Structures are given as structure tokens and as C-alpha cells.
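Before any comments, here is the structure.
Worth saying up front: this structure is predicted, and the values here are computed from it rather than measured.
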Amino acid sequence: MAARFAVLARSFSTSAARQQLVQPPIQIFGMEGRYATALYSAATKKKVLDAVDKDLKEFTTLMKNDIQLKEFILNPLLSKDLKKDGISSVLAKKNASPLTANFMATLIENGRLGKVESIIGAFETIMSALRGEIVCEVITAKPLDAATQKELEATLKAFVKSGQVIKLTTKVDPTIIGGMLVSIGDKYVDMSMSSKINRFTSLLQEAV
């Protein structure tokens with residue numbers, strides 16, 4: 001009976017904690033969303049949101065440029081204590097906010113450091129929404145020239161509200177053959193040639 005009451009108490013505690021969260025301007029689901037939302041809430045309450053945002057941007061850049069750091073982060077054989085010391089040292093050199101340092105320590109303790117890039121990505125999505133930015137990604141088979149990209153940006157602006165800004169990133173994936181894949185906010189459109197070919201192939205197979 002005591003064990004049941006303990007579970008019930010934890011459930012109420014968790015529910016209360018959720019109600020106390022500062023809700024972000026956009027809801028992100030999944031494990032990444034939960035961590036990003038918790039960090040957003042804590043940073044907002046402590047009035048260090050901009051500082052944490054800056055810390056995470058710098059940490060992302062470090063991971064991209066420092067292969068050894070990324071290998072250190074992703075290595076599952078290293079102990080939690082070793083990772084805590086290593087990450088703490090990196091953040092201290094960057095004069096990171098104590099909240100950022102505590103958050104990274106939490107990720108390590110919970111075995112989530114390997115997901116740090118996607119968690120930071122979720123946090124950046126929240127920050128973009130806060131700034132009125134709409135994240136848009138366009139994937140094409142070949143790089144877009146300047147004129148085409150300008151025309152594309154003008155077209156995409158028709159899908160956002162007044163005062164919102166398109167934050168466009170472009171990627172190249174030759175496997176889509178032609179056309180493009182477009183994601184804007186929570187919307188996704190597949191206009192790739194490979195998708196059309198797959199649908200046509202599927203129809204032919206059904207007809208046989």
C-alpha cells in the first residue's frame with residue numbers, strides 16, 4: 001500500500017511541476033521537446049534566456065568544428081563523471097551560464113547527452129518561434145541559384161502571418177532526382193521527382 005501511495009505522490013508532484021512550467025510559444029513533442037521546454041521554462045524564470053541561447057549556439061559550433069569533442073560526447077563507454085568533468089570544463093572556458101552547465105549535467109546523468117544536438121535543435125525551434133521566425137527547410141537535387149532562391153523566399157512568405165520572418169535553410173540531396181521537399185513550421189510538402197516515380201511504380205505494381 002505504501003508503495004502505491006509513493007507512486008501517487010510522485011504523479012502529483014510531476015503534474016504540479018508541469019503546471020508550473022512557463023509554456024513556450026510553440027509545442028514540441030517527444031523527448032527532445034520535453035527537455036527543450038524544461039530548459040526554456042527555467043531560463044525564462046531566471047531571466048537568462050538569451051544567455052542560454054548563446055551558450056547552446058556556441059556549443060553547437062564547437063561540436064561541428066571539434067571532432068574530438070563530438071566523439072567524446074557520443075562515446076557510450078566513457079563514465080558519466082568523466083563526461084561531466086569534460087563538458088563542465090568546456091563550458092567554463094566559454095563562461096557559460098550556470099543554468100546551461102546544470103542542464104548539460106542533467107543530460108549526462110539521464111544518459112541523454114548523445115541526443116544533445118536534437119535537444120538543442122528543439123530549443124532553437126522554440127527560440128525561433130519566440131522571435132517570430134518560421135523555420136523552413138528546402139531540399140533540392142541541385143543547389144539553388146540566387147535568383148531561384150529569392151523567388152522561393154518570396155513564395156514562402158505568402159504562407160506566414162504578418163510580422164513573422166522566414167528562416168530558410170537549403171540542403172542538397174541528389175536522390176530526390178528533381179523537384180523539392182519543403183518543410184515550413186509544422187507543414188511538410190513532398191514535390192520531389194523520386195516521390196512521383198515511387199507512386200507511379202506502386203500504381204503499376206497494383207495493376208499487374
Side-chain angles (χ1 to χ4, degrees), residues 23-33 35-37 39-40 43-44 49-71 73-74 94 96 100 114-207:
Q23 293 302 316
I26 185 173
Q27 189 174 9
I28 301 178
F29 298 96
M31 179 272 297
E32 293 86 352
Y35 277 95
T37 298
L39 179 58
Y40 171 82
T44 300
L49 194 57
D50 289 338
V52 170
D53 186 35
K54 177 175 174 290
D55 292 341
L56 296 185
K57 281 185 169 68
E58 289 182 351
F59 193 78
T60 298
T61 301
L62 272 176
M63 283 193 296
K64 288 180 180 177
N65 297 334
D66 190 332
I67 296 175
Q68 288 184 328
L69 174 62
K70 189 161 186 176
E71 289 177 347
I73 289 170
L74 298 178
K94 291 292 183 180
T100 304
K115 298 289 186 179
V116 67
E117 287 179 290
S118 56
I119 292 171
I120 291 176
F123 182 82
E124 287 305 316
T125 298
I126 290 173
M127 292 302 296
S128 289
L130 187 67
R131 291 187 289 261
E133 298 171 347
I134 303 297
V135 177
C136 178
E137 181 181 74
V138 175
I139 303 175
T140 54
K142 297 179 181 179
L144 298 174
D145 58 50
T148 303
Q149 181 161 330
K150 187 175 180 180
E151 183 180 352
L152 176 62
E153 288 176 351
T155 301
L156 291 171
K157 284 180 181 177
F159 293 92
V160 300
K161 299 175 183 177
S162 176
Q164 293 180 326
V165 179
I166 290 285
K167 187 177 180 183
L168 178 65
T169 59
T170 59
K171 292 183 180 179
V172 175
D173 181 2
T175 63
I176 71 172
I177 304 174
M180 63 180 67
L181 304 174
V182 181
S183 62
I184 178 167
D186 58 355
K187 298 178 179 64
Y188 177 79
V189 180
D190 185 346
M191 298 184 293
S192 67
M193 184 63 71
S194 62
S195 176
K196 292 177 182 178
I197 291 173
N198 288 338
R199 285 199 296 269
F200 182 64
T201 302
S202 177
L203 288 172
L204 285 177
Q205 290 173 342
E206 289 176 5

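Here the options are Ile119, Leu56, Ile120, the test is side chain to side chain contact (heavy atoms under 4.5 Å, CB included), and the partner is Leu39; only Leu56 passes. With Lys57 as the partner, the side-chain hydrogen bond (donor to acceptor under 3.5 Å, both in side chains) test is satisfied by one option alone out of Thr61, Thr60, Asp53: Asp53. In summary, of the residues considered (Glu71, Lys64, Met63), a side chain to side chain contact (heavy atoms under 4.5 Å, CB included) with Ile67 occurs for Glu71 alone.
In this structure, OH on Tyr40 lies 4.5 Å from CG on Leu130, to the nearest 0.5 angstrom. The line from CD1 of Ile126 to CD of Gln27 is 10.0 Å long, rounded to the nearest 0.5 Å. Ile176 CD1 to Met191 CE: the interatomic distance, rounded to the nearest 0.5 Å, is 9.5 Å. The CG atom of Leu156 sits 10.5 Å away from atom CD of Glu151, with the distance rounded to the nearest 0.5 Å. Considering OG1 of Thr125 and NZ of Lys167, their distance stands at 8.0 Å, rounded to 0.5 Å. In this structure, the separation between CD1 on Ile134 and CD1 on Ile166 is 6.5 Å, given to the nearest 0.5 Å.
Annotation: side chain of Val189 is not in contact with side chain of Met180 (no heavy-atom distance under 4.5 Å). Side-chain contact between Phe59 and Val116: present, with at least one pair of heavy atoms (C-beta onward) separated by less than 4.5 Å. Counting heavy atoms from C-beta on, the side chains of Leu62 and Lys94 come closer than 4.5 Å. Side-chain contact between Gln149 and Val138 is absent, with no heavy atoms from C-beta onward closer than 4.5 Å.
A salt bridge does not link Lys157 to Glu153: none of the charged side-chain nitrogens sits closer than 4.0 Å to a carboxylate oxygen. A salt bridge links Lys171 with Glu137: at least one charged nitrogen is closer than 4.0 Å to a carboxylate oxygen.
Evaluation of the salt bridge (Lys or Arg N to Asp or Glu O under 4.0 Å) rule for Glu117 yields Lys70 as partners, not counting sequence neighbours.
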Leu181 and Tyr188: side chain to side chain contact (heavy atoms under 4.5 Å, CB included), yes or no, with the steps? CA-CA 8 Å; Leu181 304 174; Tyr188 177 79; 3.5 Å; yes
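Leu74 approaches Gly114 most closely through the heavy-atom pair CD2-O, 3.8 Å. In plain terms, the two heavy atoms of Ala141 and Ile177 that are nearest each other are CB-O, 3.3 Å. Closest approach of Ala129 and Ile26 over heavy atoms only: CB-CG2, 3.7 Å.
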